[in-house]
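The figures here come from the full heavy-atom set of this structure, side chains too, leaving out hydrogens, waters and symmetry mates.
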Amino acid sequence: MKMTTEEAFVKTLQRHGIEHAFGIIGSAFMPISDLFPRAGIQFWDCAHEGSGGMMADGYTRASGKMSMMIAQNGPGITNFVTAVKTAYWNHTPLLLVTPQAANKTIGMGGFQEVEQMKLFEDMVAYQEEVRDPSRVAEVLNRVILQAKRASAPAQINMPRDYWTQVIDIEIPEVVEFERPAGGDAAIARAADLLSKARFPVILNGAGVVLAGAIPATIKLAEKLAAPVCVGYQHNDAFPGGHPQFAGPLGYNGSKAGMELIAKADVVLCLGTRLNPFSTLPGYGIDYWPKDAAIIQVDLNPDRIGLTKKVSVGIVGDAKKVAEALLSRIEDPADDAKRDRLDLIGKTRSQWAQQLSSMDHEDDDPGTTWNQRARDDKPDWMSPRMAWRAIQSALPREAIISSDIGNNCAIGNAYPSFDEGRKYLAPGLFGPCGYGLPAIVGAKIGCPDVPVVGFAGDGAFGIAVTELTAIGRSEWPAITMVVFRNYQWGAEKRNSTLWYDDNFVGTELDDGVSYAGIAQACGLKGVQAKTMEGLKQALATAITDQMQHGKTTLIEALINQELGEPFRRDAMKKPVSVAGISASDMRPQTV
């Protein structure tokens, strides 16, 4: 039938059920945004496109439903770069709509012009530009399908002068593909290895959450009497209350998980690309089993064997593969089963006791910063005290987000969940400013669930402008906790270890009050200075969120103790060879 290009675009969005768009309004897409209210599409007009993209990521990760990012061509689109790459490594299927400068003037260096396809070429799973107005629905449909199939962002680039043209077009049907379940030979080999294993361990990644595979992995773990570890920042990939849950590997993870996987002779890696950062030594434990048989399951064959030597590679959906293995593996002997479960229980218990007694951060030999930080503010909470208070107040059903940074990283070992899609961490791209927008997106996707975001004060400063947007009446209420220690902690820890306390660029303004900024934006802002105060403030904030529709920002005042550095593997002590002197500086001539 005949319709305009914008009608065809919006009708295709409707066919795929895309109800939410995040960005900042711009003239380059007003022909479609004008139709959004009539189409049942909510446009969330954020304060910065970068945060809007992270809201889209949080919405989709929490709800499982696809959303859309859109902004003005040129600078509006370039602001999406960090968010799109973040979503790519979070395996989040998002629609990136990039209105392009008009074909008539492109290449002339005109207003708000940039190479938008080149910009995102290594940040999306698929990208395509509309070459003719009559192809708009065809291209959009294909881009959306590719995002879903790859579980990653995909981009449609639309020249702005293609809007408001009348075309004769048919809206394409949605053709879904069944996900692979792994090859018979590979499944048989993996089942044989697991059946004969002396000490099998399961490692769940994001693919387990995305595939809805947690129930299948519970059955698999129970049949094998195997401990289940989860990848870095994927604490929700297995129920925390299950007696065989060993916790997260990687940076500031679970010692129990590290000690148990070190004993493995077979490791089943489900839905994980085994990225290097997730398997780095922790707490001084080089735990990755060097001689174990590794079974790696991933939808993307390019990632199998990329970082670790594997014995069996299986291209498939984590749920289907887990179910296939369950039907083929043999039950272990009762005494072997009992011994494994006893060891898991004992190791879990020892780590839980140790974690609950960890109040402070250690100093490396030759450094004294953490001791000085405690002495400077003896009455202030440490980061670990704050996390214990938080855990005591968080509802089990809550969705939480975390930002990048030292204080959030210290908390990696603490959160556990009863189901998936509950833990929104920034992922391996590691962007600052993720915690606030991600939890806002999660609340939009899951309005009946309590949500709490976490960020250090340095990272939060990147997203603080969103406080000016989320107080409007159409935005849902959320709770945000900001760890306030007035420093860029991760970099300051590097400075204490390798640069002799030369704190360049690490100090923040202690005259700034984020609680005060929240109040100025019409939100509730409070400070908490003790564990009990933080516990009570968080409980009250969640009640206000769920029962009164109020957003609360809590400033948790903590001392300046610093946890384990992110990258011991990438840092080393500098040496002076030629030497640097300010006397060598030459003034510029103008």
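With sequence neighbours excluded, the residues forming a ring-ring contact (aromatic ring centres under 6.0 Å, His included) with Tyr514 are Phe460, listed by chain and number.
Taking each heavy atom of Leu436 and Ala463 in turn, the nearest pair found is CD2-O, 3.6 Å. Here the shortest heavy-atom pairing between Leu270 and Ala322 reads CD1-CB, 4.3 Å. Of all non-hydrogen atoms in Met123 and Lys85, the two that sit nearest each other are CG-CD, 3.7 Å. Glu466 and Ala47 get closest at one heavy-atom pair: OE1-N, 2.9 Å. Closest non-hydrogen pair, Ile399 versus Ala442, comes out as CG2-CB, 4.1 Å. Between Gly489 and Asn406, the shortest heavy-atom contact is C-CB, 3.8 Å.
The backbone N or O of Gly50 lies less than 3.5 Å from a partner atom in the side chain of His48, making a donor-acceptor pair. A donor-acceptor pair is defined here as one N or O able to donate and one able to accept, closer than 3.5 Å; such a pair exists between the side chain of Thr551 and the backbone of Ile478. In this structure a side-chain-to-backbone donor-acceptor pair under 3.5 Å is missing from Gln296 to Leu306. Side chain of Ser151 to backbone of Thr92: no donor-acceptor contact under 3.5 angstrom is found. No donor-acceptor distance shorter than 3.5 angstrom exists from the side chain of Asp403 to the backbone of Ala455, with no hydrogens or angles considered. Listed for the Thr5 side chain is a donor-acceptor partner under 3.5 Å among the backbone atoms of Tyr162. The closest donor-acceptor contact from the side chain of Asn235 to the backbone of Asn412 lies under 3.5 Å. Proximity of a side-chain donor or acceptor of Lys443 to a complementary backbone N or O of Val449 within less than 3.5 Å is detected. Judged by distance alone, the side chain of Glu323 and the main-chain N or O of Ala181 form no donor-acceptor pair under 3.5 Å. Side-chain N or O atoms of Arg160 include none that pairs as donor or acceptor with a backbone N or O of Asn73 at under 3.5 Å.
Side-chain contact of Thr164 with Glu6: a donor-acceptor pair under 3.5 Å is present, judged by distance alone. Between the side chains of Asn141 and Thr12, no donor-acceptor pair of N or O atoms lies under 3.5 Å. For the 3.5 Å distance criterion, the side chains of Gln72 and Gln112 qualify, holding a donor opposite an acceptor.
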Practice problem: Given side-chain contact (heavy atoms from CB on, under 4.5 Å), test Ser67 with Phe22 step by step and report yes or no. | Solution: CA-CA 8 Å; Ser67 58; Phe22 297 86; 4.0 Å; yes
Self-check item: Residue pair Val228, Asn204: steps toward the side-chain contact (heavy atoms from CB on, under 4.5 Å) verdict
Solution: CA-CA 7 Å; Val228 181; Asn204 281 0; 3.9 Å; yes
Exercise. Take Val136 and Ile167 through the side-chain contact (heavy atoms from CB on, under 4.5 Å) test and state the conclusion after the steps.
Key: CA-CA 10 Å; Val136 60; Ile167 53 176; 4.0 Å; yes
Exercise. Determine, stepwise, if the pair Met68 / His16 fulfils side-chain contact (heavy atoms from CB on, under 4.5 Å).
Key: CA-CA 11 Å; Met68 172 173 124; His16 285 273; over 6 Å; no
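Note that CD of Glu49 and CG of Asn79 are 4.5 Å apart. Values are rounded to the nearest 0.5 Å. The OH atom of Tyr126 sits 6.0 Å away from atom CD of Gln146, with the distance rounded to the nearest 0.5 Å. In this structure, Ile70 CD1 and Leu95 CG are separated by 8.0 Å, a value rounded to the nearest 0.5 Å. Here the OG1-CG distance, from Thr217 to Leu326, works out to 10.5 Å after rounding to the nearest 0.5 Å. Interatomic distance, CD of Gln14 versus CD of Glu7, reported as 10.5 Å (0.5 Å rounding). Note that the SG atom of Cys446 and the NZ atom of Lys65 stand 8.5 Å from one another [nearest 0.5 Å].
Ring geometry, Trp475 versus Trp44: the interplanar angle exceeds 60°, so the pair is classed perpendicular (tilted spans 30 to 60°).
Among the candidates Pro431, Cys432, Ser51, the single residue satisfying the side chain to side chain contact (heavy atoms under 4.5 Å, CB included) test with Ile462 is Cys432. Here the rule is side chain to side chain contact (heavy atoms under 4.5 Å, CB included) with Arg142, and of Val139, Leu140, Ile144, Leu145 only Val139 fits it.
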Anything under 3.5 Å between a donor and an acceptor, one on a side chain of residues 169-176, the other on a protein residue two or more places apart or in another chain? List them.
unit_1 : atom_1 : unit_2 : atom_2 : d
Glu173 : OE2    : Arg15  : NH1    : 3.4

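Between Ile77 and Pro99, some side-chain heavy-atom pair lies under the 4.5 Å cut-off. Put simply, the side chain of Ile41 does not reach to within 4.5 Å of the side chain of Ile32, judged on heavy atoms. Here the side chains of Ile439 and Val452 are not in contact, with every heavy-atom distance at 4.5 Å or above. For the pair Phe29/Phe43, a side-chain contact is recorded, criterion being any heavy-atom separation below 4.5 Å from C-beta on. By the 4.5 Å heavy-atom criterion applied to side chains, Ile214 and Pro239 are counted as neighbours. For the pair Met69/Leu94, a side-chain contact is recorded, criterion being any heavy-atom separation below 4.5 Å from C-beta on. You'll find the side chain of Arg472 reaches within 4.5 Å of the side chain of Asp45, heavy atoms only. You'll find the side chain of Val209 stays beyond 4.5 Å of the side chain of Tyr423, heavy atoms only.
The 12-atom threshold is exceeded at NZ of Lys320, counting heavy atoms of other residues, nucleotides or ligands nearer than 6.0 Å. Within a 6.0 Å radius of CD in Glu474, other residues, nucleotides and ligands contribute more than 12 heavy atoms. At most 12 non-hydrogen atoms from other residues, nucleotides or ligands lie less than 6.0 angstrom from NZ of Lys11.
Evaluation of the ring pair (Phe, Tyr, Trp, His ring centres under 6.0 Å) test over residues 51-95, restricted to residues two or more places apart or in two chains, returns His20-Tyr59.
A salt bridge does not link Arg273 with Asp298: none of the charged nitrogens is closer than 4.0 Å to a carboxylate oxygen. A salt bridge is absent between Arg421 and Glu419; no separation between the charged side-chain nitrogens and carboxylate oxygens falls under 4.0 Å.
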